[in-house]
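Inspection log for the structure reproduced underneath, given as structure tokens.
Just follow the structure's listing: the first ligand is 1, and inside any ligand the first atom is 1.
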Amino acid sequence: MRVLVTGGAGFIGSHFAKRLAAAGEEVVVLDKLTYSGNPANLAGAQVDFVEADICDQVAVAAAAAGCAAVVNFAAETHVDRSIHGASEFIETDVLGTYVLLDWARENRTRLVQVSTDEVYGDVPEGASSCEDDPLRPSSPYSASKAGGDLQVIAAVRTHGVDACITRGSNTYGPNQYPEKIIPLFVTNALDGEPLPLYGDGRQTRDWLHVEDHCTAVELVLREGASGEIYNVGGGEEVENRELTRTILELTGTDESLVRHVEDRAGHDRRYSLDASKLRALGWAPMRSLADGLPETVAWYRDNRDWWEPIKSGDYRAYYEKQYFERLS
Ligand code: NAD
Ligand code: DAU
């Protein structure tokens, strides 16, 4: 099968593209190479690469020609950046999704939309989000992802497009851009830099290893029922302050690096997914955080040549904007 993987030079998309290629599928990666897209993530992979924007109908049609499916990872993905400004989020996450859906409709092709647990918003203690729960996004990022999901749902209903949605929880592993908490805190700790913990640090996230996220998306691509939504939850809920303590231990650093800084605006307290629907299809996460986090820390320790160029480039301007006042 020939598959178009959009956003395949980013964190999760590159793991997915490599996984699919290793399984013998023909893979075309289309990626705009924004700040988080990195050709190095695809080094050695047997994939065709097209540098383009998912909002560009002509480029999408050219890259997708002959493909039996599209798996869309392309998005603006960082909540803090969406608070600074959301227009690119709306363009890529909503309009870009629409362009891909339109191509899938015209070419009677399956589309898998990779979405997020953040579309459900804050989840009270003791509850977990199910696929039919209302969408209550809190950030401009999650609102843009919810907009993309709604376009998918409408295209299935109105045009009969063969599409599924996955909603994954917080994902970690090698090759994650060092703006997200795990790679940011690990690389800062390895450099003896402060770890800026927002608010009281008691927010909870449900951690999922990137390979487990990819096996879920692959299963939905191959066996998901058209029009269905599948939650992909790691089932490992951890408070940020506890995660931070583990990172300190694994990097051989101590509490003196931790700074409690001004909270994120609109910060969701807790996410939690009920993933029983996907489990009934045969999926289960295979990597515990207890194994996956030490391996991930080791990867960042051993791969400075991957993240050091990132952290010394344009990243610096973003870091100053996001953290300078918080840390001073
Ligand atoms: P990422 O930021 O690492 O990668 C995004 C990729 O999309 C980059 O390669 C970027 O260049 C590309 N891209 C951005 N705009 C584009 C455009 N207009 N056209 C083409 N390519 C474009 O993100 P990620 O963490 O790998 O997330 C991938 C997907 O998974 C996203 O849709 C995200 O919402 C979803 N998701 C992420 C997580 C997580 O914890 N990281 C959890 C659940 C769902
Ligand atoms: O839940 C899935 C989502 O997970 C994905 O859809 C998003 O693309 C991805 O970015 C991630 O969103 P979060 O906002 O949960 O991830 P982030 O790593 O930015 O933050 C995780 C938690 O850590 C959150 O409670 C905020 C906190 N945090 C984050 C940063 C960057 C800090 O305390 N300090 C920080 O500097």
* To do: Indicate yes or no: does an N/O atom of Arg205 lie under 3.5 Å from an N/O atom of ligand 2?
  => yes

* Asked: Checking side chain to side chain contact (heavy atoms under 4.5 Å, CB included) for the pair His260/Asp200: CA distance, chi angles, key distance, verdict?
  -> CA-CA 7 Å; His260 281 273; Asp200 63 3; 5.6 Å; no

* What protein heavy atom sits nearest atom 3 (C) of ligand 2, and how far off is it? -> Glu118 OE2, 3.0 Å

* Return yes if a side-chain donor-acceptor contact under 3.5 Å exists between His78 and Tyr177, otherwise no. => no

* Structure fact -> Heavy-atom closest pair (Gln113 atom, Thr97 atom, distance to 0.1 Å) is NE2-OG1, 3.4 Å

* Asked: So which protein heavy atom does atom 24 (C) of ligand 2 come closest to, and at what separation?
  -> His267 NE2, 3.4 Å

* Asked: In the protein, which heavy atom is nearest to atom 20 (O) of ligand 2, and how far is it?
  -> Arg264 NH2, 3.8 Å

* What residue and atom, counting heavy atoms only, is the protein's closest point to atom 8 (O) of ligand 2, and at what distance? -> Thr77 O, 2.8 Å

* Run the numbers for me: atoms of ligand 2, each under 4.0 Å from some heavy atom of Tyr141, listed by number. => 5 (C), 6 (O), 7 (C), 8 (O)

* To do: Taking the six-membered ring of Tyr35 (Phe, Tyr or Trp), confirm whether the NZ or CZ of Arg81 is under 6.0 Å from its centre and within 45° of its axis.
  => yes

* For Asp117, the ligand 2 atoms whose distance to one of its heavy atoms is below 4.0 Å -> 1 (O), 2 (C)

* Asked: Does Asp305 CG have over 12 foreign heavy atoms under 6.0 Å away?
  -> yes

* So which protein heavy atom does atom 34 (N) of ligand 2 come closest to, and at what separation? -> Pro196 O, 2.8 Å

* Tell me the salt bridge (charged side-chain N to carboxylate O under 4.0 Å, His left out) pairs involving residues 21-48, sequence neighbours left out? -> Arg2-Glu26, Arg2-Asp48, Glu25-Arg222, Lys32-Asp53

* Asked: Would one find more than 12 heavy atoms of other residues, nucleotides or ligands at under 6.0 Å from atom CZ of Arg136?
  -> no

* Asked: Considering only the protein, which heavy-atom contact is closest to atom 21 (C) of ligand 2, and what is its distance?
  -> Ile181 CG2, 3.7 Å

* Tell me: protein heavy atom nearest atom 29 (C) of ligand 2, and distance? -> Tyr198 CE1, 3.6 Å

* Asked: Going by an N to O cut-off under 4.0 Å, is there a salt bridge joining Glu237 and Arg270?
  -> yes

* Considering the heavy atoms of Leu184, write down every atom of ligand 2 situated less than 4.0 Å from one of them. => 36 (O)

* Asked: Looking at Asp274 and Arg279, does any basic side-chain N land under 4.0 Å from a carboxylate oxygen?
  -> no

* At what distance is the nearest protein heavy atom to atom 4 (O) of ligand 2, and which residue and atom is it? -> Asn170 ND2, 3.1 Å

* Asked: Do Lys180 and Thr171 have side-chain atoms, one donor and one acceptor, less than 3.5 Å apart?
  -> no

* To do: Run the salt-bridge test on Arg287 and Glu211 with the 4.0 Å N-O cut-off and return the result as yes or no.
  => no

* Heavy-atom cut-off of under 4.0 Å around ligand 1: list whichever protein residues fall inside it, by chain and number. => Gly7, Ala9, Gly10, Phe11, Ile12, Asp31, Lys32, Leu33, Thr34, Ser36, Gly37, Ala52, Asp53, Ile54, Phe73, Ala74, Ala75, Thr77, Thr92, Val114, Ser115, Thr116, Tyr141, Lys145, Gly168, Ser169, Asn170, Thr171, Gln176, His213

* Going by atom types only, do Tyr271 and Asp268 share a side-chain donor-acceptor pair under 3.5 Å? -> yes

* Taking only heavy atoms of Tyr323, which atoms of ligand 2 are found under 4.0 Å from at least one of them? -> 30 (C), 31 (C), 35 (C), 36 (O)

* With no hydrogens and no angle check, do the side chains of Asp162 and Ser226 hold a donor and an acceptor under 3.5 Å apart? -> yes

* Considering the heavy atoms of Gln203, write down every atom of ligand 2 situated less than 4.0 Å from one of them. => 25 (O)

* Considering only heavy atoms of His78, which atoms of ligand 2 have at least one such atom less than 4.0 Å away? -> 19 (O)

* Asked: Looking at Tyr172 versus His209, is the centre-to-centre ring distance below 6.0 Å?
  -> yes

* Asked: Any idea which atoms of ligand 2 are less than 4.0 Å away from a heavy-atom of Thr116?
  -> 1 (O), 2 (C), 3 (C), 5 (C), 6 (O)

* Asked: In ligand 2, which numbered atoms sit nearer than 4.0 Å to a non-hydrogen atom of Leu197?
  -> 33 (O)

* Asked: Are any of the heavy atoms in Glu179 under 4.0 Å away from ligand 2?
  -> yes

* Hey, any chance Val5 and Leu42 share a hydrophobic cluster, counting ILVMFWY side chains that come within less than 4.5 Å of each other, even indirectly? -> yes

